[in-house]
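Just so you know, these numbers come straight off a predicted model, no measurement behind them. Proteins come first, then strands; the chains are lettered A, B, ... in the order of their sequence lines, and each starts at number 1.
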2 protein chains.
Amino acid sequence: MHDLREEIQIMTRRLGFLNRNCCRTDEHDLSPIQSSILFEIERQHAPSMQQVAETLGTDITTFSRQVQALIKLGLVKKTPNPDDRRIQLLSLTTEGRQTAARIDAEMNAYLKDVFDKLSEEEQETVFRSIQLLNNAMLKSDRCCTPFPG
Amino acid sequence: MHDLREEIQIMTRRLGFLNRNCCRTDEHDLSPIQSSILFEIERQHAPSMQQVAETLGTDITTFSRQVQALIKLGLVKKTPNPDDRRIQLLSLTTEGRQTAARIDAEMNAYLKDVFDKLSEEEQETVFRSIQLLNNAMLKSDRCCTPFPG
DNA sequence: TTATTTATTTGCAGTATGCAAGTATTAGCG
DNA sequence: CGCTAATACTTGCATACTGCAAATAAATAA
């Protein structure tokens, strides 16, 4: 298991490059962070500010401003939770959903291009390995959380 | 191969969290970017500014300042190439090598902690999959380079 | 009711970013 | 050789991201 760190470093970097170029639709020119906010809002059902901020590991104050920017772009909506009006529930506007869908399609196209370099069997193995790694990182408490204990 | 993007998104994020907490030794409190600069300078043999900047996908002007900061910290050295004095060759100082080694050890400890959640066989599979993915990304020209063609 | 906790927002100060322009050195070409 | 163009790198500047501290607003506890 020699050079594990090196391989991971390289993978992370290349996936970072991928991310950079995958957030531009004709209408909007989003940053990777903005793109991942759309992604998470869609993934979680009507999450609060804090939930998404924690998922992404960004400070709530920074996150608050990022959301403001996305609202100004007309992609995100904030609705106070009727049961507790301190909490703002986040959701995508119609345009936000469209934008997220376009970005998702583009990302998938890029990923397909990468995976097409592999055999069917390798594709399966790699996909399954990513799941394994994700689970392992989740189990580790010394590692891979925004604010380690 | 359902939810591939989602798994990759999550993996990238968790590896990003890992990276954040792995750049602090007792002596220095480096940013992930600074840490990766040390890593690359060591990996490439006496690289020029441009080479490292391009590897990392950062603008040369930003990179120039990052290197200045590392020089001020006493971790990096710049030596003009005698054959072409426009070129500055980068190398680590003794302290830079020590710092890089400490970060490397810490990163490996974190990675070990993660991989220990997997069976021997799974570890092998995951490692090999990362290599496969790295090669696939390298082959793809639509993807995963800092400035796509 | 009043004090405390929780969710979010704003003030501010420090840092990172990249484009445009600048300097220094080398290469090309008459 | 002498001049222009190209290359490697650095600085000026304007912008954006960051997070801590403090403020606001709403809910809970006492």
Side-chain angles (χ1 to χ4, degrees), chain A residues 13 16-17 19-21 23-24 28-38 40-41 44 46-73 76-91 145-148, chain B residues 13 16-17 19-21 23-24 28-38 40-41 44 46-73 76-91 145-148:
Chain A
R13 183 181 306 146
F17 292 154
N19 232 352
R20 271 196 222 170
N21 306 312
C23 312
R24 336 204 145 161
H28 299 291
D29 189 3
L30 301 183
S31 71
I33 300 152
Q34 290 176 321
S35 166
S36 64
I37 293 174
L38 296 189
E40 278 304 321
I41 290 177
Q44 301 176 29
S48 70
M49 302 270 299
Q50 281 210 334
Q51 283 170 333
V52 181
E54 188 175 331
T55 306
L56 298 177
T58 52
D59 188 275
I60 182 73
T61 70
T62 301
F63 183 74
S64 172
R65 279 179 267 250
Q66 285 165 340
V67 168
Q68 284 171 38
L70 288 170
I71 288 172
K72 193 173 287 179
L73 289 173
V76 167
K77 222 173 8 188
K78 244 181 345 195
T79 319
N81 181 339
D83 295 340
D84 184 342
R85 293 212 311 279
R86 289 172 301 181
I87 298 174
Q88 300 279 354
L89 301 177
L90 298 173
S91 57
T145 65
F147 314 108
Chain B
R13 183 180 307 146
F17 293 154
N19 232 352
R20 272 195 222 172
N21 307 312
C23 313
R24 335 204 147 164
H28 299 290
D29 188 4
L30 301 182
S31 70
I33 298 151
Q34 290 176 320
S35 166
S36 65
I37 293 174
L38 296 190
E40 277 304 320
I41 291 177
Q44 300 176 29
S48 69
M49 303 269 298
Q50 282 210 333
Q51 281 170 333
V52 181
E54 187 174 332
T55 306
L56 298 177
T58 53
D59 190 275
I60 182 74
T61 71
T62 301
F63 184 74
S64 173
R65 279 179 268 251
Q66 286 165 340
V67 168
Q68 284 171 41
L70 289 170
I71 289 173
K72 193 173 287 179
L73 289 173
V76 166
K77 222 172 11 186
K78 244 181 348 193
T79 319
N81 182 339
D83 295 341
D84 184 342
R85 294 211 311 278
R86 290 172 299 182
I87 299 173
Q88 300 278 356
L89 301 177
L90 298 173
S91 57
T145 65
F147 314 109

Which comes earlier along DNA chain D counting from the 5' end, the contact point of A:D84 or that of A:R65, where each point is its nearest nucleotide?
A:R65
Starting from P on C:dA13, measure out to CG on A:D59 and report it in whole angstrom.
18 Å
Steps toward side chain to side chain contact (heavy atoms under 4.5 Å, CB included) verdict (B:S64, B:M49):
CA-CA 7 Å; B:S64 173; B:M49 303 269 298; 4.0 Å; yes
Between B:T61 and B:R65, does a side chain to side chain contact (heavy atoms under 4.5 Å, CB included) hold up when you go through it step by step?
CA-CA 7 Å; B:T61 71; B:R65 279 179 268 251; 3.9 Å; yes
Phosphate-side-chain proximity, A:Q88 and C:dT9, N/O vs OP1/OP2 below 4.0 Å
no
Please test A:I71 against A:K77 for side chain to side chain contact (heavy atoms under 4.5 Å, CB included), starting from the C-alpha separation and ending with a verdict.
CA-CA 6 Å; A:I71 288 172; A:K77 222 173 8 188; over 6 Å; no
Indicate, yes or no, whether a donor-acceptor pair under 3.5 Å links the base of D:dC20 to the side chain of A:T61.
yes
Is there a donor on the side chain of A:R20 or the base of C:dG18 sitting less than 3.5 Å from an acceptor on the other?
no
So, is B:Q51 near the phosphate of D:dA8, with a side-chain N or O under 4.0 Å from OP1 or OP2?
no
Between P on C:dT15 and CG on B:L73, what's the gap in Å once rounded to a whole number?
12 Å
Looking at B:L56, B:L30, B:T55, which hits side chain to side chain contact (heavy atoms under 4.5 Å, CB included) with B:I37?
B:L56
Any A:Q68 side-chain N or O less than 4.0 Å from OP1/OP2 of C:dT10:
yes
Is B:S48 touching bases, backbone alone, or none of the nucleic acid, heavy atoms closer than 4.0 Å?
sugar-phosphate
For the side chain of A:R86 and the base of C:dT8, is some donor closer than 3.5 Å to an acceptor across the two?
no
Just to confirm, is there a sub-4.0 Å distance from OP1 or OP2 of D:dT18 to any side-chain nitrogen or oxygen of A:T62?
no
Measure the distance from CD1 on A:I33 to C1' on C:dA16 and round it to the nearest whole Å.
12 Å
Gap between atoms CD1 and C1', on B:I87 and D:dA8 respectively (whole Å)
7 Å
Over how many whole Å does the gap from B:I60 atom CD1 to C:dA20 atom P extend?
16 Å
From CD of A:Q50 over to C1' of D:dA26, roughly how many Å is that when rounded to an integer?
14 Å
Roughly how many Å is it from CG in B:D83 to P in C:dT26, rounded to a whole number?
10 Å
Phosphate OP1/OP2 of C:dA7: any A:K78 side-chain N/O under 4.0 Å:
no
Between B:K78 and B:L90, is a side chain to side chain contact (heavy atoms under 4.5 Å, CB included) present by the stated rule, with each step listed?
CA-CA 5 Å; B:K78 244 181 348 193; B:L90 298 173; 3.4 Å; yes
Between P of C:dT10 and CE of A:M49, the distance in whole Å
10 Å
